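Working notes, structure below.
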There are 2 protein chains.
Amino acid sequence: MAARQYDMGNAELEVLKTLWDKGPATVRQVLKHLHDGGRHVAYTTAQTLLTRLEQKGFVKSDKSDLAFVYRARLSRDRVTRSRLRTLLTQLYDGAAGPLVLQLIRTEEFTSDEIEELQKMIERLDGQPKRRKSQ
Amino acid sequence: MAARQYDMGNAELEVLKTLWDKGPATVRQVLKHLHDGGRHVAYTTAQTLLTRLEQKGFVKSDKSDLAFVYRARLSRDRVTRSRLRTLLTQLYDGAAGPLVLQLIRTEEFTSDEIEELQKMIERLDGQPKRRKSQ
DNA sequence: GACTTCCTCCGACGCATGTAGTAGGTCTGG
DNA sequence: CCAGACCTACTACATGCGTCGGAGGAAGTC
């Protein structure tokens with residue numbers, strides 16, 4: 001049982017992603033977005049998901065208008081970091097190397113990203129090794 | 001509900017990882033390894049996990065000796081790919097760039113890995129863009 | 001003022017998963 | 001042959017999560 005920080009199910013994550021993509025939204029708006037994305041769930045399902053996210057502190061709501069408006073309290077980056085860390089730990093005892101190598105091998109990138117990557121690698125190369133706080 | 005290929009829980013994955021790390025093993029050996037790693041579960045728990053993994057086709061067992069010996073039918077790489085793909089989809093609609101960039105930014109690498117990375121990037125840079133089969 | 005519409009609250013259900021107990025078989029040392 | 005150790009099969013149970021239905025309140029519409 002590792003330190004499971006931002007723990008949520010896939011449906012919950014998808015709802016959170018909606019908020020990242022579209023900004024603050026009501027249940028109905030989130031639902032609309034989910035429908036547009038091909039996920040056909042009931043209104044109350046979206047509502048439950050949002051409510052659970054709020055219980056976990058990942059979103060917050062405020063009722064200014066007729067309906068509650070929900071907004072993310074958790075950034076996409078934080079979740080990414082957390083999930084990556086989990087993956088790393090579960091599969092490679094925390095070593096990031098194999099993962100990156102595989103990502104680069106199997107995925108594709110825009111030339112901008114490649115350029116960016118190159119710069120980062122060069123920087124890495126020059127720098128002394130950091131030790132992870134973990 | 002994306003094409004959830006290699007679907008298993010964390011405990012199951014940990015058991016599978018044991019098989020990757022230690023090679024084919026009996027329930028007792030897996031259990032020992034889990035205990036060594038600080039996960040104190042009962043014998044039957046390990047057994048259940050292995051059984052479920054087998055039902056899903058991720059490991060297979062054969063009884064040559066006194067006890068069943070389990071071995072992975074699924075490589076670490078395949079699971080990695082699958083999980084990464086899920087992450088990518090869930091967080092970035094499939095774009096790999098942001099993920100890699102963040103990985104490189106937040107994790108650390110051995111000089112060998114950096115070198116390897118450099119080579120891969122260079123190769124990427126020269127090549128025409130691949131289109132993902134998926 | 002009754003109808004329709006939308007919203008929130010609460011309860012519920014089924015399946016996956018983590019965890020484990022128990023019954024009953026087998027082997028091995030005395 | 002009997003006890004202790006070890007193995008497998010089966011059952012069970014709590015929790016998390018995805019999914020919703022229904023009750024009941026607020027708001028605009030004739």
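To find a chain, count down the sequence lines: A is the first, B the second, and so on, and within it residues start at 1. Since the structure is predicted, the reported quantities are computational estimates derived from the model, not experimental observations. Atoms considered below: every heavy atom in the structure, side chains included; atoms not considered: hydrogens, waters and symmetry mates.
In this structure, the CG atom of B:L49 is 15 Å from the P atom of C:dA16, given to the nearest Å. Protein atom CG of A:D62 is 15 Å distant from nucleotide atom C1' of C:dT8, rounded to whole Å. When rounded to the nearest whole Å, the span between CG of A:L31 and C1' of C:dC6 equals 13 Å. One interatomic measurement links the two molecules: CG of B:N10 to P of C:dA16, which rounds to 16 Å at whole-angstrom precision. As a whole-Å value, the separation of B:L34 CG from C:dG18 P is 12 Å. Look at CG on B:D7: it is 14 Å from P on D:dC17, rounded to the nearest Å. Taking atom NZ on B:K56 and atom P on C:dC15, their separation rounds to 15 Å, with Å as the unit. Remark: P of D:dG28 and CG of A:D65 are 11 Å apart, rounded to the nearest angstrom.
One finds no side-chain N or O of A:R39 lying less than 4.0 angstrom from the OP1 or OP2 phosphate oxygen of D:dG18. Contact check, A:T45 against D:dC20: a side-chain N or O comes under 4.0 Å of OP1 or OP2.
Counting heavy atoms of neighbouring residues, nucleotides and ligands inside a 6.0 Å radius, atom NZ of A:K60 exceeds 12 of them.
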Using a cutoff of under 3.5 Å, can you pull out all pairs of nitrogen or oxygen atoms linking the protein to nucleotides 6-9 of chain D, with atom names and distances?
| unit_1 | atom_1 | unit_2 | atom_2 | d |
| --- | --- | --- | --- | --- |
| D:dC7 | OP2 | B:R28 | NE | 2.5 |
| D:dC7 | OP2 | B:R28 | NH2 | 2.8 |
| D:dC7 | OP2 | B:Y43 | OH | 3.3 |
| D:dC7 | O5' | B:Y43 | OH | 3.4 |
| D:dT8 | OP1 | B:F68 | N | 2.9 |
| D:dT8 | OP2 | B:Y43 | OH | 3.3 |

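Side-chain contact, B:E54 with B:S61: a donor N or O sits under 3.5 Å from an acceptor N or O.
Take A:K32 and apply the side chain to side chain donor-acceptor pair (under 3.5 Å) test, not counting sequence neighbours, and it matches A:D36. Partners of B:E113 according to the side-chain contact (heavy atoms from CB on, under 4.5 Å) rule, which considers only residues two or more places apart in sequence or in another chain, are A:P98, B:F109, B:T110.
Judged by distance alone with a 3.5 Å cut-off, a donor-acceptor contact links the side chain of B:R52 to the base of C:dT19.
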Pair A:F68-A:V27, side-chain contact (heavy atoms from CB on, under 4.5 Å): steps then yes or no: CA-CA 7 Å; A:F68 279 111; A:V27 175; 5.9 Å; no

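Rounded to the nearest 0.5 angstrom, B:W20 CH2 and A:L91 CG are separated by 5.5 Å.
Listed for the A:H40 side chain is no donor-acceptor partner under 3.5 Å among the backbone atoms of A:L34.
Looking at the side chain of B:V41, the nearest of the listed nucleotides D:dC17, C:dT19, D:dT19 is C:dT19.
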